[in-house]
> 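Before anything else, here's the structure in question.
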Amino acid sequence: MNGLGAFRRQLSRAAAQVGAKVCGAKGEAEPFAARYPQAMIRNDLLAAVHDALIELGVAEVPSGVVIERPARPEHGDWSTNAALVCSKVVGRNPREFGQELADLLTANLPEHVESLEIAGPGFVNFRLANSWLHDVLTEVVGQGQDGYARSDQGAGTTVNVEFVSANPTGPLHAGHGRWAAYGDSLCRVLARCGYLPHAETYVNDRGVQIQLFGASLAARKAGEGVPADGYRGQYVIDWAAEMPDGVDPAEWGVQYALADQKAALAAMHVSFETWSSEKEAVESGASESALERLKKGGHVFEADGAVWLRTTTFGDDKDRVLIKSDGEMTYLLPDVGYHELKYSRGSLIIDVLGADHHGYVPRMKAALQALGHAPESYEAIVGQNVRLLRDGKEVKLSKRAGDMVLLQELVDDVGPDVARFAYLMQSIDTPLTIDIDALQMQSSENPVFYVQYAHARIHSIGKQAKERGIQRQSLEDANLSLLDGKRELQLLRELFSLPEVLEAACRDRAPHNVSTWVRELAGAFHGFYRDCPVLRDDVAPEVQQARLWLTEATRIGLAIGLDLLGVDAPEQM
RNA sequence: GCGCUCGUAGCUCAAUUGGAUAGAGCAUCUGAUUACGGAUCAGAAGGUUUGGGGUUCGAGUCCCUACGAGCGCGCCA
């Protein structure tokens, strides 16, 4: 299915190029064809391969035929698996068939292609003239930091992204930082891809836990032990000492906790457009109206003195209680009402949750479907939890444990950039281990500095150039064909791939792709910097100009990547 | 017991969603600077992708199975 989609996309790009109307690809956004002329290379190649296959007797080209960038440079700039995919259809040995395909294509080389060959099990590899990469530079500089690698994939879809949503019964710990960094970066990625994200966090400021928290504060203020199942953390004692007389401990405590959480998030450079109060949502009647609609839909029943939602209709493994036999609502009902409210702030609802909440997803999904929402309008992203190491041993992240590590503490120690990069470096699907000592002690070799250093170096070149009276002349006058060194071309390849990386990061909700990319770009730049002097006296002025432009393009790429991660792009370290 | 998510170099993780010889960083070892910032670069070493089956031109990726890990399984939130 993916293969078919990809094929259609590629086809429609090819078709768009020759001005043809694409049928059967309804609703598929085509950002690259419109915005990234250099992506046309792929369209040309695909169209050429397609034609050649038909000429070779392939009646219907299978959907799996793609043009892709080989992992290894020796395999050329682009390659196609056409012979492998088609060999069965035509009943031929892939290698033989591939040879015919290669011969046919060689007889009529597509534009920009210098040579092509068959390799491995039957891949056809294309080698292109460097000029296609020089076009990338023009593209990056022309579109600029604002325009390059920006797509309209989201087509203005409003999307509500809820993340962090920690109970206001204590400070945020280092585990919450993962969701803060992830959610914030995801919003940036979505925004760059044409979505209109709305960052939101939910405050569970009512219910049993809040009462317990208030009781714990009151007890500590009175110098007593906390009630059974109360909050035992040291912070409760500290906070209680600041609590004035005559206030409602629960209310005061919630406000205190919220202020504390906001401060920690601000230190991480994370902010929300909406802090949504459960209490206010309930008072607004959202829960009742949701319940009414569920009843009307025939999804509600009573049993054992409680009110139930028949979530099993929509695939949950058991039905769920909405109102307990004591008349109190469970957590679910207000949350359903709250999600209903969120649809006014986004047509797509994304919840970023920790692994400990994954069991909750089917019932929410079911409830929203029962309310008539399309299943695909709700998306739960379940991330793996964070493991924290300090002094080589694991620190448990529990409000009750005394050795908890606060998010604020972590950010104070290593700064927001190091923290964010550490959180964003790996897939949300894998458990994240954060070694606090390593973050601090290796700070000079931390990957985030590696990337930031590249950006600072570029700025330094600019400063040097100014001091020496060297100015960048217009791009049209630059002879970019002089950029033909291994380092220079590698840098351009990296820049070329950003739109694809971004598209993948958006589609897969995986900002860590950007982290990986930005490190690669920085690596390519450091190599270039080492081997390709820009301002040195023995560099010919023409080369100097071309390299200055390459440097500028790299700066743009780094700035875009770091911005997507919410990490600062410093001019000096 | 059932369910979900996973298992990749000594460690932390990637892998263009099924592609070619599985790549980076850290740690280890060896080199590079009268140079635009050495917070850098080049090289070496490190692997039966947890084990076993299957699907096909082709599997780290998909299916089955065993083992191992984390997390869920409430009229808690």
Side-chain angles (χ1 to χ4, degrees), chain A residues 2-3 6 64 66 68-72 74-75 79 81 83-85 87-88 93-95 119-123 125 167 169 204 207-210 229 278 303-308 317-318 320-326 328-332 335 354-362 382-385 387 422 425-427 429-435 438 442-447 449-450 452-454 456-465 467-468 470 497 500-501 503-504 507-508 512-513 515-516 519-520 523 525-527 529-539 547 551 572-573:
Chain A
N2 278 333
V66 293
E68 58 198 350
R69 304 265 328 274
R72 307 176 64 85
E74 309 91 85
H75 294 141
S79 81
N81 60 351
L84 297 167
V85 175
S87 61
K88 195 165 191 178
N93 169 312
R95 181 85 198 195
F123 289 97
N125 298 334
N167 285 353
T169 55
N204 304 128
V208 180
Q209 292 304 315
I210 296 299
D229 297 329
E278 178 185 1
D304 304 327
V307 177
W308 296 69
D317 55 359
K318 58 179 84 163
R320 305 292 171 175
V321 171
L322 292 172
I323 298 178
K324 299 187 263 179
S325 53
D326 65 1
E328 287 290 317
M329 294 182 288
T330 60
Y331 178 82
L332 180 62
D335 205 20
D356 51 343
H357 285 90
H358 76 258
Y360 188 70
V361 175
V382 178
Q384 296 298 304
N385 289 327
R387 248 177 95 228
M425 219 160 27
Q426 52 200 256
S427 160
D429 291 332
T430 70
L432 171 66
T433 304
I434 290 207
D435 185 331
Q442 298 167 6
S443 66
S444 67
E445 287 161 9
N446 195 293
F449 294 133
Y450 181 82
Q452 289 182 318
Y453 183 49
R457 271 184 153 174
I458 290 171
H459 186 261
S460 176
I461 290 174
K463 208 171 122 192
Q464 276 283 331
E467 280 168 14
R468 300 187 194 189
I470 299 170
S497 67
E500 291 175 357
V501 168
E503 186 189 43
R507 182 194 60 219
D508 300 339
H512 81 274
N513 286 327
S515 316
T516 304
R519 290 169 71 188
E520 280 168 8
F525 178 75
H526 285 308
Y529 184 90
R530 172 79 190 177
D531 290 353
C532 307
V534 179
L535 301 174
R536 219 168 61 189
D537 296 341
D538 57 345
V539 178
R547 287 180 178 169
T551 299
Q572 57 187 30
M573 300 294 286

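Per chain, numbering begins at 1; letters A, B, ... match sequence-line order.
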> Base of A14(B), side chain of Asn513(A) - is there a donor-acceptor contact under 3.5 Å?
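Counting by modelled atom types and ignoring angles, no donor-acceptor contact under 3.5 Å is found here.
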> So what does Ala454(A) touch, heavy atoms closer than 4.0 Å: a base, only the sugar-phosphate, or nothing?
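Contact class for Ala454(A): none.
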> Mind checking who U21(B) pairs with, Watson-Crick or G-U wobble, both distances under 3.5 Å?
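Partner of U21(B): none.
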> Taking pairing as Watson-Crick or G-U wobble with both contacts under 3.5 Å, can you name the mate of A9(B), or confirm there isn't one?
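With both distances under 3.5 Å required, A9(B) matches none.
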> Hey, does Asp356(A) reach any base, or is it just sugar-phosphate, or nothing, if we go heavy atoms under 4.0 Å?
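Asp356(A): backbone/sugar contact only, no base atoms under 4.0 Å.
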> Should G38(B) form a Watson-Crick or G-U wobble pair with both distances under 3.5 Å, which nucleotide is its partner?
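G38(B) is unpaired by these criteria.
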> Are Arg457(A) and Phe525(A) in a cation-pi setup, meaning NZ or CZ lies under 6.0 angstrom from the ring centre and within 45 degrees of the ring axis?
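Here Arg457(A) fails the 6.0 Å and 45° test against Phe525(A).
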> Does the side-chain ring of Tyr453(A) lie flat on the base of G37(B), meaning centres under 5.5 Å and planes less than 30 degrees apart?
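Stack criterion not met.
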> When both hydrogen-bonding distances must be under 3.5 Å and the geometry is Watson-Crick or G-U wobble, what is C71(B) paired with, if anything?
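With both distances under 3.5 Å, C71(B) matches G3(B).
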> Any donor-acceptor pair, under 3.5 Å, between the side chain of His357(A) and the base of G72(B), if you only look at N and O atoms?
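Answer no: no donor N or O sits under 3.5 Å from an acceptor.
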> Answer with base, sugar-phosphate or nothing: what part of the nucleic acid does Arg468(A) contact at a heavy-atom distance below 4.0 Å?
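The answer is sugar-phosphate, as Arg468(A) gets under 4.0 Å only of primed atoms, P, OP1 or OP2.
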> Send over the distance from Glu68(A) CD to A15(B) P, rounded to a whole Å.
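Glu68(A) atom CD is separated from A15(B) atom P by 16 Å.
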> Scan Tyr450(A) against the nucleic acid and name what it touches under 4.0 Å (heavy atoms): base, sugar-phosphate only, or nothing.
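Touches sugar-phosphate only.
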> On a plain distance test, is the side chain of Ser79(A) in donor-acceptor contact with the base of A20(B) below 3.5 Å?
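Under the 3.5 Å cut-off, the side chain and the base do form a donor-acceptor pair.
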> Regarding Arg69(A), tell me which of base, sugar-phosphate or nothing describes its non-hydrogen contacts under 4.0 Å with the strands shown.
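Base contact.
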> Would you state whether a donor and an acceptor, one from the side chain of Thr330(A) and one from the base of C75(B), lie under 3.5 Å apart?
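Checked by distance alone, the answer is no.
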> What closest approach, in Å, do Arg519(A) and Pro447(A) show between heavy atoms, and which atom pair accounts for it?
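Scanning both residues, the minimum pair turns out to be NE-CB, 3.9 Å.
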> Report which part of the nucleic acid Pro94(A) touches: base, sugar-phosphate, or nothing (heavy-atom distance under 4.0 Å, all strands).
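No contact at all - Pro94(A) keeps every heavy atom at 4.0 Å or more from the nucleic acid.
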> Base, sugar-phosphate, or nothing: which does His526(A) touch, judged by heavy atoms less than 4.0 Å apart?
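It contacts sugar-phosphate atoms only.
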